[in-house]
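One structure is given here, and the rest of the page talks about it.
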Amino acid sequence: MSHDESANISMESIQIVEITDSYNDSEDNNANANGNGEVSMEDSVEQQHPESVITFPPETESARRTELAALTKDQLIEIILEREREIRKRGRIINRLRQSGKMPTTARQGSTSSSVEMESEPAPPASHGDAKGKEKKRKTSGGGRDLDFAAYGKRHVALKFLYLGWDYQGFVVQDETDNTIEDHIFRALAKTKLIESRETSHYHRCGRTDKSVSAFSQVISLHVRSTQTAGPGLITPASPAKAGPIEIAYLQMLNGVLPKNIRMLAWSGVQADFSARFSCRGRRYRYYFPRANLHLGRMNEAAQLLLGEHDFRNFCKADIANGVTNYMRRIDNIFVEELNGSISQSRTDFLQSESATPQINRSSTDGYSQMCVLHVYGSAFLWHQVRSIVALLYLIGQGKEEPSMIMELLDIEKCPAKPQYLMAEGFPLVLFDCIFEDPAWQTDEANLRMSVRDMECIWTEHTVRAAIIGDMVRSMKDRLWEVSQQETDPGNLLQALFPERKGRYYQPLRDRKTCDTIESRLQKKLKVSA
């Protein structure tokens, strides 16, 4: 900027009014954000405040104070500098609006808020056509300068995060929807400008989770920009102009733009050949369910028959479309326990159990407070394998099938085709952990505290709702008892998780129709392809 140009800059102050009641930070920011994740000041002035009062989103002072207290001196300096850059940027936008005649040069009087002096930008060139072209360029580039990725370093990192999948259509991006976990993560990566594009990010995911399935410890690996000149995972060092003593705060930046039910927990610089998919040594799943009328001993007895390497084609959904022909998988550990942490029966106890009759809880709560969890640990799993296993263990736990049915289904010679049965619902399933050898995970106290706070808020909401529904059910059951002294069926608690048809007679699996064999389905696919 020349001296003559700077002499023409308007240095008038404007008033900033803080919205304290009606401003919805998450919704309005998302609605008005441009491609770089920045709110357009022009939209704010023209659409929401024609009186030319500029409004900025408020911050919760107590929460912000707690977050800042946990930061280091260097991190605080970086935040101050970033805020100053934001103020200068907003000042330039305001002056452009003044010069274009879209905003009066004097702000509305009588406001109770204090006024601030904004840094200005030179007036546009005299040529109207050139000014219009530059204004269009600013709009298409997000209202600010494009980030010079070449000046930053590039680092190969692993990111560990959790999510509640109940409101999403699965983890992996899909053509028919943009409401997937992966969609939200890549939008966050773009807003924070940590990557240039997905295509150039060398992205790998550890596991694919279906619609409504959650994860405690999902992992992805990719290239992100960096301010470092040395360190684990560094592909190219940062230039002297962008190099800094501390790395970019990846976790805080992403959590600042992600939904509250998707939280980044840790990151690690990893070797260039590290892949979240192929470097994984094992995956742990959990499936949560009420005790109801299930006999956990029978379920554990049947679960032990699944240990080891087997052909699990009768325990999954055949993924013929994606060319899956090998159904051999290994399960290293599997068992059922009550959620309070005490295993219902020791391994010797349930193996020696003589009772085959499901134990029914006849208390007034009928299993509402008795939650259980199935643990499954293996190196890799087939499509819907865990949910199919849960469905079969449900039938065995209810006494409808014997534990020996597991061995019959594993015997491909005797049972070459899968009997027709419904798998368990997806929302109780959680990808609990992904096992790696390499990453030295890094996190910080402030980020963990914020994540714990977010999850506690969600927990409170769902727990209160569960308590309300529980009291409603108990009240109705008390009234029902006055009419008929007959207990309700505790198996009703399982209907939301296992939609097996209820009828007067149960049809055993060995008597049901079967699906086509894997071989016949592969032949049909080959004929269609030909």
Side-chain angles (χ1 to χ4, degrees), residues 285-308 310-317 329 331 333-339 343-361 366-367 370-378 381-382 384-412 414-415 417-425 428-429 489-503 505-514:
Y285 283 90
R286 290 185 177 183
Y287 194 97
Y288 296 79
F289 58 93
R291 175 72 181 265
N293 62 342
L294 295 173
H295 192 293
L296 301 190
R298 288 169 54 88
M299 295 177 70
N300 270 318
E301 179 182 354
Q304 299 311 294
L305 302 176
L306 295 168
L307 288 173
H310 304 281
D311 188 320
F312 283 98
R313 67 180 62 194
N314 292 329
F315 297 80
C316 70
K317 185 174 182 179
R329 296 294 187 273
I331 292 181
N333 198 8
I334 178 171
F335 61 94
V336 177
E337 67 174 352
E338 292 183 5
L339 194 56
I343 297 180
S344 59
Q345 292 176 284
S346 68
R347 300 190 186 282
T348 55
D349 287 342
F350 70 68
L351 288 175
Q352 296 174 357
S353 175
E354 296 181 356
S355 173
T357 304
Q359 298 174 346
I360 298 177
N361 176 14
D366 281 338
Q370 289 183 297
M371 296 298 296
C372 303
V373 58
L374 169 71
H375 301 260
V376 186
Y377 177 34
F381 293 86
L382 297 164
H384 293 163
Q385 182 179 350
V386 176
R387 293 167 62 183
S388 297
I389 289 174
V390 171
L392 294 171
L393 293 182
Y394 274 177
L395 295 176
I396 294 171
Q398 290 179 307
K400 296 178 179 179
E401 297 287 347
E402 294 298 320
S404 59
M405 174 54 65
I406 297 296
M407 295 302 298
E408 294 185 32
L409 294 176
L410 289 174
D411 191 339
I412 305 304
K414 294 183 178 179
C415 187
K418 174 185 173 183
Q420 294 181 358
Y421 62 88
L422 297 175
M423 64 181 178
E425 288 292 335
L429 180 60
D489 183 4
N492 293 337
L493 295 176
L494 301 175
Q495 289 301 302
L497 310 183
F498 180 48
E500 181 76 11
R501 293 180 180 177
K502 295 190 67 175
Y505 301 105
Y506 172 76
Q507 186 178 24
L509 289 177
R510 60 170 57 91
D511 297 335
R512 300 186 186 184
K513 295 181 179 180
T514 60

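Predicted model, so just to flag it, every value in this text is computed and none were measured.
Counting heavy atoms from C-beta on, the side chains of Cys316 and Phe381 never come closer than 4.5 Å. Counting heavy atoms from C-beta on, the side chains of Arg298 and Gln398 never come closer than 4.5 Å. The closest side-chain heavy-atom distance from Ile389 to Ile331 is below 4.5 Å. Looking at Phe315 and Leu392, their side chains come closer than 4.5 Å, going by heavy atoms from C-beta outward. The closest side-chain heavy-atom distance from Leu374 to Tyr285 is not below 4.5 Å.
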As a quick check of understanding, evaluate side-chain contact (heavy atoms from CB on, under 4.5 Å) for Val376 and Leu306, giving each step before the final call. CA-CA 10 Å; Val376 186; Leu306 295 168; over 6 Å; no
So Glu408 and Leu509, side-chain contact (heavy atoms from CB on, under 4.5 Å) or not? Walk me through it. CA-CA 10 Å; Glu408 294 185 32; Leu509 289 177; over 6 Å; no
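Using cut-offs of 30° and 60° on the angle between ring planes, the pair Phe289 and Tyr287 is tilted.
The CD1 atom of Ile396 sits 8.0 Å away from the CE atom of Met405 when rounded to the nearest 0.5 Å. To the nearest 0.5 angstrom, Arg286 atom CZ is 13.0 Å from Cys372 atom SG. To the nearest 0.5 Å, atoms OH (Tyr377) and CZ (Phe335) are separated by 12.5 Å.
In this structure, a donor-acceptor pair under 3.5 Å is present between the side chains of Glu401 and Tyr506.
Side chain of Arg387 to main chain of Met423: no donor-acceptor pair is present (N/O by atom type, distance under 3.5 Å, no hydrogens or angles). The main-chain N or O of Ile412 is never found under 3.5 Å from a side-chain atom of Asp311 such that the two would form a donor-acceptor pair. In terms of modelled atom types and a separation under 3.5 Å, the side chain of Gln304 and the main chain of Ile334 share a donor-acceptor contact. In terms of modelled atom types and a separation under 3.5 Å, the side chain of Arg291 and the main chain of Leu294 share a donor-acceptor contact. Under a 3.5 Å cut-off, the side chain of His310 and the backbone N or O of Phe312 do not form any donor-acceptor pair. Remark: side-chain polar atoms of Asn300 are paired, donor with acceptor, to backbone N or O of Val336 under 3.5 angstrom. No donor-acceptor distance shorter than 3.5 angstrom exists from the side chain of Lys418 to the backbone of Arg313, with no hydrogens or angles considered.
In terms of heavy atoms, Leu497 sits closest to Pro428 at CD2-CG, 3.5 Å. Here the closest heavy-atom approach between residue Leu422 and residue Ala391 is recorded as O-CB, 3.3 Å. For the residue pair Leu305 and Pro403, the shortest heavy atom distance occurs at CD1-O, 3.3 Å. Nearest heavy atoms, Ala424 versus Val390: CB-CG1, 3.7 Å. Of all non-hydrogen atoms in Gln420 and Thr514, the two that sit nearest each other are NE2-O, 3.8 Å.
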